[in-house]
Amino acid sequence: AQKVTQAQTEISVVEKEDVTLDCVYETRDTTYYLFWYKQPPSGELVFLIRRNSFDEQNEISGRYSWNFQKSTSSFNFTITASQVVDSAVYFCALSEYGSEKLVFGKGTKLTVNP
Amino acid sequence: GAGVSQSPSNKVTEKGKDVELRCDPISGHTALYWYRQSLGQGLEFLIYFQGNSAPDKSGLPSDRFSAERTGGSVSTLTIQRTQQEDSAVYLCASSLYASGGQETQYFGPGTRLLVL
């Protein structure tokens, strides 16, 4: 069965610090898709990134970067030079090929203090 | 509209009453999804639609829950005889189409349901 684990429940950092959010997934499929979403205090889930299982290339988007490692079943998310506006709950999610269902981790609440 | 919209944004009801939650997907999106977010269970899949058909209803927690979609657009999630454990945020999402899990789902702001 598919499962996503985000072991860090809450993280608190000071502005400008780098922070990494961990995501470990379980699936028996060879084809699957991984996602990160951000949920700010307003409540709406905001899409950040999608990766497929055949593309292990790391990705950078501004201050955000993602490290996908199939060998450790991890898809970690790093925010460089964090800002107060990064404060939110971040969710990692998995979908298996052929299933439309997203399976979410429990989320990591990130607080960036000024 | 530009994004997924949901109504109402908040709903307070009494135990035993029926409620209807509405979702309007992004224009042109053929696939629509319902999820529930609660403190105890996190984010859970309920059901998805491709067009007006619901190929996967596996997440609906009981037969008190039902959903329909008409005209390939707006969807309604109905909860009959509400119970206190139904209190949660109900999130709707849409994607261009259902393509075996690879499409990005874009979420609405949710409906916060409180059953007293």
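No experiment lies behind these values; they were computed from the predicted model shown. The chains referred to below are lettered A, B, ... by the order of the sequence lines, with proteins before strands, and numbering in each begins at 1.
- A donor-acceptor distance shorter than 3.5 angstrom exists from the side chain of A/Arg50 to the backbone of B/Gln102, with no hydrogens or angles considered.
- Criterion: ILVMFWY side-chain heavy atoms under 4.5 Å apart, direct or through other members. Under it, B/Phe65 and B/Trp34 are part of a common hydrophobic cluster.
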Let me check something: any side-chain donor-acceptor pairs from residues 6-17 of chain B under 3.5 Å, sequence neighbours excluded? List them with distances.
from: B/Gln6; atom 1: OE1; to: B/Cys92; atom 2: N; distance (Å): 3.0
from: B/Gln6; atom 1: OE1; to: B/Gly110; atom 2: N; distance (Å): 2.9
from: B/Gln6; atom 1: NE2; to: B/Tyr90; atom 2: O; distance (Å): 2.9

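- Under a hydrophobic clustering in which Ile, Leu, Val, Met, Phe, Trp and Tyr are joined whenever their side-chain heavy atoms come within less than 4.5 Å, directly or via other members, B/Leu32 and B/Phe45 fall into different clusters.
- With a 4.5 angstrom heavy-atom cutoff, B/Glu44 does not touch chain A via any of its atoms.
- Of the two parts of B/Ser99, only the backbone, made up of N, CA, C and O, holds a non-hydrogen atom closer than 4.5 Å to a non-hydrogen atom of chain A.
- Tracing side-chain contacts under 4.5 Å through hydrophobic residues (I, L, V, M, F, W, Y), one reaches B/Val4 starting from B/Phe107; they form part of the same cluster.
- Hydrophobic clustering (side-chain heavy atoms under 4.5 Å, transitive across Ile, Leu, Val, Met, Phe, Trp, Tyr) groups A/Tyr64 together with A/Ile11.
- Listed by chain and residue number, A/Tyr25 satisfy the ring pair (Phe, Tyr, Trp, His ring centres under 6.0 Å) test with A/Tyr32 (two or more places apart in sequence, or in another chain).
- Within 6.0 Å of atom NZ in A/Lys3, 12 or fewer heavy atoms from other residues, nucleotides or ligands are found, so the atom counts as exposed in its surroundings.
- With a 4.5 Å cut-off on non-hydrogen atoms, B/Leu46 does not touch chain A at all.
- A 4.5 Å side-chain heavy-atom check between B/Leu43 and A/Tyr37 finds every atom pair outside the cut-off.
- Residues of residues 88-105 of chain A having a heavy atom under 4.5 Å from any heavy atom of chain B, listed by number: A/Phe91, A/Ser95, A/Glu96, A/Tyr97, A/Gly98, A/Ser99, A/Glu100, A/Lys101, A/Leu102, A/Phe104.
- Within the structure, salt bridge (charged side-chain N to carboxylate O under 4.0 Å, His left out) contacts touching residues 85-95 of chain B (residues at least two apart or in different chains) are B/Arg64-B/Asp86.
- The nearest pair of heavy atoms linking B/Gln41 to A/Lys106 is O-NZ, 3.4 Å.
- Hydrophobic cluster membership is shared by A/Val112 and A/Trp36, with clusters built from Ile, Leu, Val, Met, Phe, Trp and Tyr side chains linked at under 4.5 angstrom.
- Here the CD-CZ distance, from B/Gln105 to A/Phe47, works out to 10.5 Å after rounding to the nearest 0.5 Å.
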